[in-house]
Amino acid sequence: MTALVELQGVTVTYRSAVRPALVDATVSISAGEIVLVAGPSGCGKSTLLRVVNGLVPRSYRAEVSGDVLVNGQDATAVSLRGIADTVGTLLQNPAKQVVGHSVLAELAFGLENRGVRPAEILSRAQAVARRLGIEDLLESAPHELSGGQLQLVAFAGILILEPALIIVDEPLANLDPDASHRLLDAVREYVRGGGAALIVEHRVDEIVALAPDLVLYLDQGATRYSGDLAGFLAVASPQAVKLPFRTLVDRHRSEPDGLPVVPEPDCATAGASRLEFVDAHLGYGRTTILSDVTTRLHAGERVAILGHNGAGKSTLLRAAVGLVEPLSGEVLLDDVPVETLGAKDLVAICGYLFQNPAQALFSDTVAAELTFGPKNLGRTEAETLEISRVALEAVLLHEEPEILSRPPRTLSFGQQRRLAVALALTLQPRTLILDEPTAGQDERSATHFLDAIWDLPGIDSIYFITHDIDMALSRADRVLVVSDGCIVADDTPAAIVHDTGLWHTVVGGTGVLRETDYVRAAREHGPRSGRMPRAWDLARQVAGAPPVPAP
Amino acid sequence: MSTATATERRNRTPWIVSSRTIVFGAIGAALYGALGVLSFIIPGTANVAIRPAIAIIPFVGARFGPIAGFFTGAVGNALVDQIQGFGFLTYWNWSLANGFIGLVTGLIAFYTPEPKKTGAQILRVALIAFVAVIVGLLFTATDLLLGNTFEYWFFGAYIPAVISTSIAVVIIAPVLDQAWKPLQNLAGR
Amino acid sequence: MEVSPRYLAGRSFLGRRDPRVLIGVPALTVVVAAQVEDLRVMAALVVIAFAYYASARIPLREVRSNWTFVLVFVLIMAGINGIIVGAQASATSDDNATLATIPLIGVPVTIGSISYATNLTLRFLAIAATGFPLAFSIRPGDLAVAFARLGLPSRFAYGIDLTFKFLPSTAASLAETIAAQRLRGYEPPPTHNPIKKVLQLRPLMVPVTVNSFIDAEDVVDALDLRGFGTQKRTWLRQLRFGAVDYLVVGFFLLLALLATTASLTGRMPALWIF
Ligand SMILES: Nc1ncnc2c1ncn2[C@@H]1O[C@H](COP(=O)(O)OP(=O)(O)OP(=O)(O)O)[C@@H](O)[C@H]1O
Ligand SMILES: Nc1ncnc2c1ncn2[C@@H]1O[C@H](COP(=O)(O)OP(=O)(O)OP(=O)(O)O)[C@@H](O)[C@H]1O
Ligand SMILES: [Mg+2]
Ligand SMILES: [Mg+2]
């Protein structure tokens, strides 16, 4: 049987780059197989996918050497459309690839382009929608969907073409663990039915359940490992990808790092009330998303907000800075109603980091971008320069050569994120609000980024939204869980872990949050109160403890 | 590699239509519609509105070609008419005139090489856009077919439109163009 | 200002028509109205146009502000045009009875200029009355198919669909950017200088525009990867041009033919040409 796609010694150098993005890559995929590609940010994962689906070199200008075979045929002679008949691709960001004005139109799009009869398009669309559980959404417009639904719709738009091989680039970024699970289930079903899949993902711990046949581990474009899953788990760096908790424990058992187990510092004691919701109902127009919110977030606290896609987490924190006006009730910042605060007072209390860092970048240079805020506040030239310098240093961007004269949008995504934090810092706020600060970043970048923010001088409190439960439990002093239109839990990480009613497993349970190995271990071995240790530290502790039978 | 020649070929004639042309045109039209909320009436006049979003049209024309520019102008303006309720046929000629602004910018830009100095680049885009506005809006002379007097069309419609449009276009189009320049290699593959 | 198209026709007579009818009728109305010069004929056309409008059953409260805007615009336009014509008439001919003189500018008001202004008002009302159903009685998703069926190359037709898809996301991104800039202390001081005012919009327009076009590259790839524009495409949405549709369009086509023949043969009655 010929492989669907085969790469032999493929090296890719983008036109505008000096260094190859992919070096000597070899991989072959046949029907019924799942291949996982993992590695840190910028290691060439997306580039590999682009070679397979033909975008490199057809859409991206790049030098490609080596052989690419599609269905046993040399791919250079095949058009993008020809490759697309065999290979279906879910690009890295679903919001960009959904092109229909409704979900049904989106599903129909590919088939329409192939000139399929309308009646057949409709029946196939309904079948695919049923398979992914999105029948109810067929008439919805894409901009009304939550992140998770959008991802499923984009996936359905590819699945309906019935490609022999399906490619998915980081499908889980922005998805809550349950939505991830649904999407991965669909992939599994599809491969069982005779398809094949090539998946890129940092969140290896969640992919493990798919039992990939082959794992490719890339670093700086080169293949560090190519082989079965077990071998990969043995060599992969826990800093580069998010490994399953059990693997971390095994790692500590086989090669202890010898570091002592340090107990986590206690939760910060709360100061004055910083952000207060009094009987607030939050929503858009006539729809209420969250009702009866009454809670107080204090100065000095690090608060994590957890909950499903579309639960209202962003809505809650957007109300804190007046981006969403309460339908009724009050939202107070430093005991003053938010809507009465002018922009200048508001920014002195709160900095807000949007999920998309580029949302606000408009200047020709980083220097001009940095001075925009302080100038708005009426600072003098000299003060402004000093503030900018300090802010840039705080996020470690000052080491970047020529940074001040670069156009902000030419920075890498991670750098843009750090710049966005620096921009918030130029306004010298006391609180930072972060909406999914680590989505789509690899472990190392995420950790560095958070460490930097957690240590910022002048910031006394941080309120953040995340889908990463481990991160929330180990970084926050307090966790809020949002579900079904209200706050269903509000407690210290330890109490949240031990509140078993909150959790559900793959198999069952009715809780809101999905239980991970880390959570189980934290319940078993973690402290009874306060913050939870980081996954790596908890694993060390577990490895030292007598073995526990698997649940 | 085969793509290199494909890109160069793309640049040799301004009339190529590819998926990019369509997507850029459609995005331009949507931007024109969505950013229309930023319009305001010139103080002291009754109804001469400045619609800064109109600068999107020459920007798209200059950067992405005459076809995309035409699409942005024509569909963008028609879209606004649809949303406001007149239907896109009531002022069909104004939609086409907006389209011609994009088309003319695209053509002139295609045949005038971009200078090296930033100042000159800004001047070039501003000038091209200004000329395109003057030429493109001439098409609204079709108002005469509907019974408007020449005087009304010229002094009551054309001249105010040229003034308000050029204020927006001459200021904003070069700004957008300069903002895009460092990014085109990044995105423009 | 509204930023998204509204569909208000429900299951009304026009709501059930093929979208090509709703495009064809206003187009033909423009052709007819442009040629009618007699006030009585124009009045008849207005009645027909409003009968057509009524059959869409667009709730008035939804479109009141739109109509107000149209009325103000049309009245100003017709009024000024009438004044110009009056001024010209007083200079060129004297067989027009002057009814009054507008104070301050001293322009005479004649029967001719009044009937001219009235005609212009009615003409635009007729066009607007057929235009409103075009705006509110076609589902946005149907426009692209209608255009494709009318002969527009399908790639461009799909471009229209894409525009409707991008509109809400662009509006959302603008809202987000406004919020983000406000949180950087952006609160532009009020000014009467239009140039300053335009410049103040830079922090909003630049990021929204640039982000949209950067994202565009991925959209292009997404289209290409699903075979966009490589062969003749079908449309899931099927349009059926029924007997009633033929009747409606046929009627307006007949009017257009009549008007054109009358103009060409010089038999179109003229009331206000001087
Ligand atoms: N269009 C391009 N032009 C030039 N260089 C590029 C281009 N796209 C990617 N690169 C570079 O190639 C390298 C590999 O990028 P790629 O997108 O494949 O990484 P990745 O592993 O998918 O990263 P991530 O996890 O962040 O998505 C990076 O150094 C990147 O900067
Ligand atoms: N501008 C808006 N207009 C109307 N509804 C909205 C708007 N923004 C969000 N919603 C709806 O409000 C609900 C909550 O949205 P929100 O963005 O707060 O969710 P979230 O918890 O942040 O989800 P995610 O994890 O996917 O980011 C969703 O059902 C969403 O569809
Ligand atoms: Mg990638
Ligand atoms: Mg959110």
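In what follows, chains are A, B, ... by sequence order, proteins preceding strands, each numbered from 1. Since the model is a prediction, treat every value here as computed from it, not as a measurement.
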request  = Look at atom CZ of Phe130(B) and say whether more than 12 heavy atoms of other residues, nucleotides or ligands are closer to it than 6.0 Å.
outcome  = no

task = Examine whether an atom of Trp153(B) lies under 4.5 Å from a heavy atom of chain C, and if so say whether it belongs to the side chain, the backbone or both; otherwise answer neither.
result = neither

ask   = Angle class for the Phe213(C)/Phe59(B) ring planes (parallel below 30°, perpendicular above 60°, tilted otherwise)?
value = perpendicular

key: Leu223(C), part contacting chain B, at a heavy-atom distance under 4.5 Å   = side chain

request  = Let me see the working for Leu146(B) and Ile127(C) under side chain to side chain contact (heavy atoms under 4.5 Å, CB included), right down to the final yes or no.
outcome  = CA-CA 10 Å; Leu146(B) 288 173; Ile127(C) 295 176; 4.0 Å; yes

request  = Among Ala30(B), Gly87(B), Gly85(B), single out the residue with the greatest number of heavy-atom pairs under 4.5 Å to chain C.
outcome  = Gly85(B)

inquiry  = I need the minimum non-hydrogen distance between Gly159(C) and Ala26(B), along with the two atoms involved.
reply    = O-CB, 3.6 Å

query = With side chains defined as the heavy atoms from C-beta onward, is the minimum distance between Phe86(B) and Val70(C) less than 4.5 Å?
reply = yes

inquiry  = If you count heavy-atom pairs within less than 4.5 Å of chain B, which of Ala128(C), Ser212(C), Ala33(C) leads?
reply    = Ser212(C)

Part of Leu8(C) lying under 4.5 Å from any heavy atom of chain B = neither

note = So, the part of Phe136(C) with a heavy atom under 4.5 Å from chain B: the answer is side chain

request  = Indicate the atoms forming the closest heavy-atom contact of Leu89(B) with Ala27(C), along with that distance.
outcome  = CD1-N, 3.7 Å

key: Intermediate values then yes/no, side chain to side chain contact (heavy atoms under 4.5 Å, CB included), Ile84(C) and Phe150(B)   = CA-CA 10 Å; Ile84(C) 293 170; Phe150(B) 176 80; over 6 Å; no

query = When you look at Tyr32(B) and Leu167(C), which way does the side chain to side chain contact (heavy atoms under 4.5 Å, CB included) test go after all the steps?
reply = CA-CA 9 Å; Tyr32(B) 181 66; Leu167(C) 188 66; over 6 Å; no

query = So what's closer than 4.5 Å to chain B heavy atoms on Val63(C): side chain, backbone, both or neither?
reply = neither

message = Tell me if the CZ atom of Phe40(B) is crowded by more than 12 foreign heavy atoms within 6.0 Å.
response = yes

task = Of all the heavy-atom pairs spanning Arg6(C) and Ile83(B), show the shortest one and how long it is.
result = NH2-O, 4.2 Å

request  = Flag the pair Asn148(B) / Leu120(C) as yes when at least one side-chain heavy-atom distance between them is below 4.5 Å, and no otherwise.
outcome  = yes

ask   = So which of Ile67(B), Ile167(B), Leu176(B) has the largest heavy-atom pair count under 4.5 angstrom toward chain C?
value = Leu176(B)

query = What's the spacing between Leu183(B) CG and Glu217(C) CD if we round to 0.5 Å?
reply = 11.0 Å

message = Restricting to non-hydrogen atoms, name the atom on Val220(C) and the atom on Ser19(B) that form the minimum distance, rounded to 0.1 Å.
response = CG1-CB, 4.1 Å

remark   = All heavy atoms of Thr163(C) vs all of Ala29(B), minimum pair found to be CG2-CB, 3.6 Å

key: Under 3.5 Å: donor-acceptor pair, side chain of Gln82(B), backbone of Leu134(C)   = yes

task = Please name the pair of heavy atoms, one in Ala34(B) and one in Ala171(C), separated by the smallest distance, quoted to 0.1 Å.
result = CB-N, 3.8 Å

inquiry  = Less than 4.5 Å to any heavy atom of chain C: does that hold for the side chain of Leu31(B), its backbone, both, or neither?
reply    = both

inquiry  = Only pairs of heavy atoms separated by less than 4.5 Å count here; which of Phe69(C), Phe228(C), Phe132(C) has the most with chain B?
reply    = Phe132(C)

ask   = How about Leu201(C) and Leu35(B): do any of their side-chain heavy atoms sit closer than 4.5 Å?
value = no

Arg20(B) side, atom CZ; Asp221(C) side, atom CG - distance, nearest 0.5 Å = 9.0 Å

ask   = So, Tyr152(B) side chain and Gly82(C) main chain: donor-acceptor pair closer than 3.5 Å or not?
value = no

Heavy-atom proximity to chain C below 4.5 Å, by part of Ile50(B) = side chain

query = Given a strict heavy-atom distance threshold of 4.5 Å, which part of Val75(B) is in contact with chain C: side chain, backbone, both, or neither?
reply = side chain

query = Do the two ring centres, one from Phe73(C) and one from Tyr91(B), sit under 6.0 Å apart?
reply = yes

task = Describe, in one word, how the ring planes of Phe147(C) and Phe88(B) are oriented to each other, choosing from parallel (under 30°), tilted (30 to 60°) and perpendicular (over 60°).
result = tilted

inquiry  = Which atoms of Leu22(C) are under 4.5 Å from chain B, going by heavy atoms: the side chain, the backbone, both sets, or neither?
reply    = neither

message = For Thr149(B), is there any backbone N or O sitting under 3.5 Å from a side-chain donor or acceptor partner on Asn81(C)?
response = yes

inquiry  = Run Val17(B) and Phe156(C) through side chain to side chain contact (heavy atoms under 4.5 Å, CB included) and show every step you take.
reply    = CA-CA 9 Å; Val17(B) 179; Phe156(C) 287 98; 3.9 Å; yes

note = When rounded to the nearest 0.5 Å, the distance separating CD1 of Ile171(B) from NZ of Lys196(C) is 11.5 Å

note = If you tally heavy-atom pairs under 4.5 Å between each of Lys197(C), Arg202(C), Lys165(C), Gln35(C) and chain B, the highest tally belongs to Lys197(C)

ask   = So which of Leu162(C), Val208(C), Thr209(C) has the biggest tally of heavy-atom pairs under 4.5 Å with chain B?
value = Thr209(C)

